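Take a look at the structure set out below.
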Amino acid sequence: MAASKLRVIAYGPDQLVEREGADLPALGELPDLPVLWIDVDGTSDGTAVRQLAERFRLHPLVVDDILAEHERAKVDSYETYDFVVIRMLDVTPELRTEQLSLVLGKKLVLTFQGEEGGDPFDPVRDRIRKAHGPLRGAGPDLLTHALLDSVVDTYFPVLERYGEKLEDLEAAIVERPTNAVLAQVHKVKRELLRVRRAVWPLREALSTLGRAETPFVKPETRVYLRDLHDQTVQVMDLIETYRDLGSGLTDLYLSSVSNRLNEIMKVLTIISTIFIPLSFIAGVYGMNFDRAQPMNMPELGWRYGYFACLALMAFMALGMVAFFWRKGWLQPKR
């Protein structure tokens, strides 16, 4: 079980301090600046989480939610901070959801990433370092918005990937429907359901954070949070659209398979229909009548009777093929 990695960024309008370390004591005394952001990368160890919980007096239920790593998106308000849970998404190569827990205090932002690895916060860090925009001169509530906005922005490329995948599956179904293609459709539908479960409660959480009278979010920041809520509504609309497309692909697959089966049955039926009169003629002339009988079958004693019978059968077969062609039953569908 790997130890958590901590990154501290403390900043104000005219000062920036950035440190990295394996645990809180290794970082030394934290600077007293308007905003202190401590990012914990990986919570499986739990040591850093408990150190921060003790230092900043986090409630035991908050600690349990951070370490659980399977909480749904929500916002809980406590006396000295607000606690936010959001799910991060990644589809490289398979869909992966990761919990991000965030604590918003008066001068403090704590972020806990459930798994070690990359995060979408590099643009936020660059804005802080380069003092781009109002972030350096604002409080931790605007930083919280920037972090949540970075997570929500990653939802759109993920859904775009699913849109492209659904288009490819649709083309494959139309061209050649197979069981493998149907399995891919079901896989996409299951993954979209996972995405929906991750995003659906986020709408209510952001609405609560943007409208609740909390001392940790300034009125001017609530406007940005409400805009972020609108983005989650757009994400949900895209998810529902793609889920409908996935269901439509299942219907398209069944329809394509049915049409192909109908085409095959049509060809087999036509072949059977052509051979019915041929089988009749062959069956009649295969009854082995005695040539000496007065009520005998015609042309049994004729020298060219065999060839005449074959010619009659070929004429009937070609005539039926021509008839079917004129009716359009043998022409390929466009």
Side-chain angles (χ1 to χ4, degrees), residues 1-11 16-90 92 94-126 128-129 139-141 143-148 150-151 154 198 201-202 205 209 216:
M1 189 177 297
S4 304
K5 297 180 181 179
L6 276 69
R7 177 180 295 178
V8 175
I9 299 179
Y11 63 87
L16 172 66
V17 177
E18 188 170 357
R19 298 177 184 173
E20 293 187 14
D23 53 24
L24 196 60
L27 298 176
E29 274 306 311
L30 300 178
D32 185 15
L33 290 174
V35 179
L36 174 62
W37 173 22
I38 302 178
D39 180 43
V40 180
D41 190 7
T43 59
S44 58
D45 179 29
T47 302
V49 176
R50 294 185 179 91
Q51 288 176 349
L52 291 171
E54 183 178 356
R55 183 179 186 115
F56 297 104
R57 299 180 180 179
L58 302 183
H59 196 280
L61 291 177
V62 173
V63 178
D64 291 342
D65 288 343
I66 294 173
L67 296 177
E69 298 184 9
H70 296 290
E71 291 294 317
R72 65 199 303 266
K74 65 177 182 177
V75 173
D76 291 334
S77 295
Y78 293 85
E79 184 178 354
T80 57
Y81 56 86
D82 286 337
F83 177 61
V84 183
V85 175
I86 187 173
R87 306 296 304 185
M88 297 189 293
L89 304 179
D90 187 22
T92 51
E94 299 293 332
L95 175 64
R96 181 175 63 91
T97 65
E98 179 183 350
Q99 178 174 316
L100 173 68
S101 304
L102 185 146
V103 175
L104 168 63
K106 190 174 183 180
K107 299 174 61 176
L108 173 71
V109 173
L110 303 176
T111 52
F112 301 89
Q113 303 179 45
E115 301 177 12
E116 293 185 27
D119 57 44
F121 302 143
D122 284 339
V124 179
R125 297 185 182 102
D126 289 338
I128 295 175
R129 295 187 187 109
D141 54 342
L143 174 61
T144 297
H145 166 265
L147 296 175
L148 296 178
S150 298
V151 174
T154 62
L202 180 60
L209 191 62
F216 309 107

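Computation of the quantities below employed the complete heavy-atom set of this structure, encompassing side-chain atoms and omitting hydrogens, waters and symmetry-equivalent molecules. This is a predicted model, so every value here is computed, not measured.
Closest heavy-atom contact between Leu67 and Gly46: CD2-CA, 3.9 Å. Here the closest non-hydrogen pair linking Thr43 and Ile66 is OG1-O, 4.0 Å. A pairwise comparison of heavy atoms in Lys107 and Asp32 identifies NZ-OD1, 2.9 Å as the closest pair. Between Ala198 and Leu89, the shortest heavy-atom contact is CB-CD2, 4.2 Å. Between Thr97 and Glu115, the shortest heavy-atom distance links the atoms O-OE2, 4.3 Å. Residues Ala73 and Pro201 approach most closely at O-CB, 3.5 Å, considering heavy atoms.
The CG atom of Leu110 lies 5.5 Å from the CZ atom of Phe56; values are rounded to the nearest 0.5 Å. Atom CG of residue Leu61 and atom CG of residue Asp76 lie 8.5 Å apart, to the nearest 0.5 angstrom. Considering CD1 of Ile38 and CD of Gln51, their distance stands at 10.5 Å, rounded to 0.5 Å.
When side chains are defined from C-beta on, Leu148 counts as touching Leu209, because their heavy atoms get closer than 4.5 Å. You'll find the side chain of Pro120 reaches within 4.5 Å of the side chain of Val151, heavy atoms only. Looking at heavy atoms from C-beta onward, Leu143 lies in side-chain contact with Ile128 at the 4.5 angstrom threshold. In this structure, the side chains of Ile9 and Phe121 stay at 4.5 Å or more apart for every pair of heavy atoms. Side-chain contact between Phe83 and Val103 is present, with at least one heavy-atom pair separated by less than 4.5 Å. Using a 4.5 Å cut-off on side-chain heavy atoms (C-beta onward), Thr111 and Asp119 make no contact. Using a 4.5 Å heavy-atom cutoff, the side chains of Thr144 and Phe216 are not in contact. Side-chain contact between Ile86 and Leu102 is absent, with no heavy atoms from C-beta onward closer than 4.5 Å.
Between Arg96 and Asp90 a salt bridge is recorded (basic side-chain N to carboxylate O distance below 4.0 Å). Glu18 has no carboxylate O lying under 4.0 Å from a charged side-chain N of Arg125, or vice versa, which leaves the two without a salt bridge.
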- Message: Test side chain to side chain contact (heavy atoms under 4.5 Å, CB included) on Phe112 and Val49; report intermediate values, then the result.
- Response: CA-CA 8 Å; Phe112 301 89; Val49 176; 3.9 Å; yes
- Task: Show your reasoning for whether side chain to side chain contact (heavy atoms under 4.5 Å, CB included) applies to Tyr78 and Leu58.
- Result: CA-CA 9 Å; Tyr78 293 85; Leu58 302 183; over 6 Å; no
- Could you check Lys106 against Thr80 for side chain to side chain contact (heavy atoms under 4.5 Å, CB included), going step by step and ending with a plain yes or no? CA-CA 7 Å; Lys106 190 174 183 180; Thr80 57; over 6 Å; no
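In terms of modelled atom types and a separation under 3.5 Å, the side chain of Gln99 and the main chain of Ala68 share no donor-acceptor contact. Checking side-chain atoms of Arg7 against main-chain N and O of Trp37 turns up no donor-acceptor pair under 3.5 Å.
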